[in-house]
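Report on one structure; see the data block that follows.
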There are 2 protein chains.
Amino acid sequence: MSHTEYPPFAVTADLVVLTIREDALCALLVRRAADPFAGCWALPGGFVGEDEDTDAAARRELEEETGLADGTVHLEQLASYGAPGRDPRMRVVTIAYLALAPDLPAPTAGSDAADARWWPVEELLADPGRLAFDHHRILSDGVARARAMPENATVFCRPEFTVAELRRACEVVMGTPLDPRNFHRKVTGRPGFLAPTGTMTTRDGGRPARLYRRSLVSRSSQSSDDFSTAPVR
Amino acid sequence: MSHTEYPPFAVTADLVVLTIREDALCALLVRRAADPFAGCWALPGGFVGEDEDTDAAARRELEEETGLADGTVHLEQLASYGAPGRDPRMRVVTIAYLALAPDLPAPTAGSDAADARWWPVEELLADPGRLAFDHHRILSDGVARARAMPENATVFCRPEFTVAELRRACEVVMGTPLDPRNFHRKVTGRPGFLAPTGTMTTRDGGRPARLYRRSLVSRSSQSSDDFSTAPVR
DNA sequence: TCAATAGTGTCTGTTAGACAGTATTTA
DNA sequence: TAAATACTGTCTAACAGACACTATTGA
């Protein structure tokens with residue numbers, strides 16, 4: 001580019017927020033109050049501020065939408081979407097973020113959202129026309145990413161959780177049943193992955209189970225393989 | 001955002017183009033002709049056109065810079081970079097792409113580049129102040145991504161290549177020596193990964209080796225594990 | 001002949017996954 | 001006691017990695 005003229009873009013940070021509710025992977029959607037797509041369900045998000053880092057904008061939107069402090073949530077960049085015409089008003093580039101959150105109370109409707117609620121992703125993915133803009137595609141990409149990293153299923157659990165609870169979270173994310181005994185061995189045998197609290201609980205019934213907390217050991221030292229203990233077809 | 005006002009951004013598509021030259025992983029850089037950072041080396045790239053898809057802009061820049069037709073090159077989105085102040089002139093959001101290319105003739109200087117050449121990434125990564133803007137960080141992210149997917153090392157090879165040539169490409173990408181025999185068994189034993197051409201070559205010396213072509217079988221059916229046959233320290 | 005590289009076979013330790021069996025709670 | 005869940009042990013098939021060995025070229 002040899003001269004200083006560049007077309008102006010609007011930039012938004014949009015969120016694929018996933019959680020587990022009633023044994024189903026769910027995504028947070030808001031119902032749009034204004035045109036375009038007024039009344040339609042869409043991913044939460046919004047325009048990036050003039051002096052705002054795009055990552056910071058994502059964190060801000062996340063907190064506005066869920067009320068969640070950072071640290072409880074896993075937040076990472078997903079991808080960018082910049083096809084012309086994806087917003088009928090103007091040229092918009094969207095930077096999508098993937099957020100994995102523990103189960104939350106009913107979400108609060110934001111200022112520009114008529115409504116906000118959790119939807120099972122299976123239902124959403126089955127109907128490509130349900131979401132505004134190209135949000136179906138973004139959601140689909142986000143769910144695929146989440147499924148590819150079941151190691152992060154700990155963020156779907158309470159701060160202190162049992163191995164069985166973590167296993168059920170993994171099962172929901174992956175969509176496959178896992179062998180409880182192999183899962184237990186694998187997950188407890190990985191050094192630095194789970195930190196035992198020393199306490200027990202009987203909230204799952206049966207014999208009391210040890211409670212664990214997510215370990216704070218640096219993630220870099222761990223291989224990123226999953227817990228696939230799928231019992232095969 | 002309840003009203004229709006959005007700060008304007010410029011959007012660029014920048015490229016981390018990697019190839020292998022003389023057994024070293026190299027990145028394509030251009031020397032900037034204009035301010036800011038005039039005379040400094042930077043990633044190739046440029047502003048996204050008013051009616052241009054961001055992905056298309058990346059492909060266009062790639063072809064302008066390397067003269068390569070699509071199909072010979074592996075191109076994928078890397079990440080977005082949108083911190084305020086990363087371009088001193090104005091607010092710019094950069095969508096970075098990772099391109100893996102076979103060895104190419106000396107690159108042609110573009111219209112806005114005073115010069116263009118390949119640099120060993122090791123040298124570039126060792127000096128964080130060498131590149132313009134935040135391009136050191138982007139390059140670093142791109143190299144990390146490339147190292148994480150040695151399955152794609154075939155794009156660094158000629159259209160028809162031997163197992164040894166593919167192995168050397170993998171070794172360069174991963175930075176580790178690989179056992180030739182185990183590598184051979186693993187790579188030829190993976191169904192649908194390599195397509196034998198039926199011809200042989202002696203260009204590597206010694207006993208003639210079979211030539212292979214990258215197989216066109218859908219990638220989705222393959223597990224994404226690597227070829228790590230590292231002989232350990 | 002030797003040197004170099006291609007390609008195959010074989011062994012060993014680790015791991016995934018299947019599943020038996022024991023332990024500890026509530027009803 | 002039975003039912004439920006937690007946890008441990010063991011077996012097997014597959015696989016990674018180490019390395020011996022044979023095959024086929026050029027010098």
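In the text below, chain A, chain B and the rest are named by the order of the sequence lines, each starting its count at 1.
- Nearest to the side chain of B:Ala209, among D:dC7, C:dT25, C:dG7, sits C:dG7.
- Phosphate contact (OP1/OP2 of D:dA6, side-chain N/O of A:His184, threshold under 4.0 Å): absent.
- A donor-acceptor contact under 3.5 Å is formed by the side chain of A:Arg181 with the base of C:dA20.
- Note: CZ (B:Arg168) to P (C:dA6) measures 7 Å, nearest angstrom.
- Rounded to a whole Å, the CG atom of B:Leu178 is 14 Å from the C1' atom of D:dA18.
- Contact annotation: side chain of A:Asn182 to base of C:dA18, donor-acceptor pair present below 3.5 Å.
- To the nearest angstrom, P of D:dT5 lies 12 Å from CD of A:Glu165.
- In the set D:dT24, D:dC19, C:dT24, the nucleotide with an atom closest to the side chain of A:Pro208 is C:dT24.
- Between B:Ala164 and B:Arg185, the residue anchored closer to the 5' end of DNA chain C is B:Ala164, taking for each the nucleotide with the nearest heavy atom.
- Using modelled atom types, no side-chain atom of A:Glu61 and backbone atom of A:Leu15 make a donor-acceptor pair closer than 3.5 Å.
- Distance CZ (B:Arg207) to P (D:dT24): 6 Å, rounded to an integer number of Å.
- Among the protein residues, B:Arg210 comes within range of the sugar-phosphate backbone only, with heavy atoms under 4.0 Å from sugar or phosphate atoms but none that close to a base.
- No side-chain donor from either of A:Thr199 and A:Arg210 sits under 3.5 Å from a side-chain acceptor of the other.
- Atom NZ in A:Lys186 sits roughly 18 Å away from atom P in D:dG9 (whole-Å rounding).
- One N or O on the side chain of B:His135 and one on the backbone of B:Leu43 form a donor-acceptor pair closer than 3.5 Å.
- Under the 4.0 Å criterion applied to side-chain N and carboxylate O atoms, B:Glu63 and B:Arg59 are not assigned as salt-bridge partners.
- Spacing between atom CE of B:Met200 and atom P of D:dA23 amounts to 15 Å, rounded to whole angstrom units.
- We find that CZ of B:Arg203 is positioned 11 Å from P of C:dA6, with the value rounded to whole Å.
- The separation between B:Asp204 atom CG and C:dA3 atom C1' is 15 Å, rounded to whole Å.
- Between B:Tyr212 and B:Gly206, it is B:Gly206 whose nearest contact on DNA chain C lies nearer the 5' terminus.
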Evaluation steps, side chain to side chain donor-acceptor pair (under 3.5 Å), between A:Tyr81 and A:Asp14: CA-CA 10 Å; A:Tyr81 302 84; A:Asp14 288 359; over 6 Å; no
